[in-house]
Amino acid sequence: MADDGEHGGRPAWERGRRRSGGNPLVGLIVTLLALFGALTAGLGIAERSVGAAGDRIDGWISTAWNTVTGAADDVDEEAAAAAEEVVEESGEAVQQAGQAVEGAADEAAENLARD
């Protein structure tokens, strides 16, 4: 065994291998896919049919999707109502400001007419 002194005289099987870190997003996706596969396999065994397991998972997904989209619709309706209220209040404020400016202009005109 030739040793050039790079690794401190240790044999190759004792040297630590450095693993480069991969993209964490890829690791997350692979983990989620593995969990989904294990869930499908487990339900397939429990239901004794992969098709029935798929139907069950589809039911869960559709329920979750309907819940999320229903909540989004509620938020949209609430946002529209809040925006309408803000517009009405802004319109009232603009009218009050216009009346105040008109009153100030009338008062200034009277003061100029007296002078």
Are Val87 and Val94 in one and the same hydrophobic cluster, where Ile, Leu, Val, Met, Phe, Trp and Tyr link if side-chain heavy atoms are under 4.5 Å apart? no
Please list all pairs meeting side-chain hydrogen bond (donor to acceptor under 3.5 Å, both in side chains) that have one or both residues in residues 38-48, counting only residues at least two apart or in different chains. Glu47-Arg56
How far does CG of Asp106 sit from CG of Asn111, to the nearest 0.5 angstrom? 11.0 Å
Same cluster or not: Leu35 versus Ile57, using hydrophobic residues (I, L, V, M, F, W, Y) connected whenever any side-chain heavy atoms lie under 4.5 Å apart? no
Which pair of heavy atoms, one from Gly44 and one from Ala53, lies closest together, and at what distance? N-CB, 3.5 Å
Do Leu43 and Phe36 sit in the same hydrophobic cluster, where Ile, Leu, Val, Met, Phe, Trp and Tyr count as joined when their side-chain heavy atoms come under 4.5 Å apart? yes
Name all pairs fulfilling the side-chain hydrogen bond (donor to acceptor under 3.5 Å, both in side chains) condition that reach into residues 57-66, sequence neighbours left out, sorted by first residue then second. none
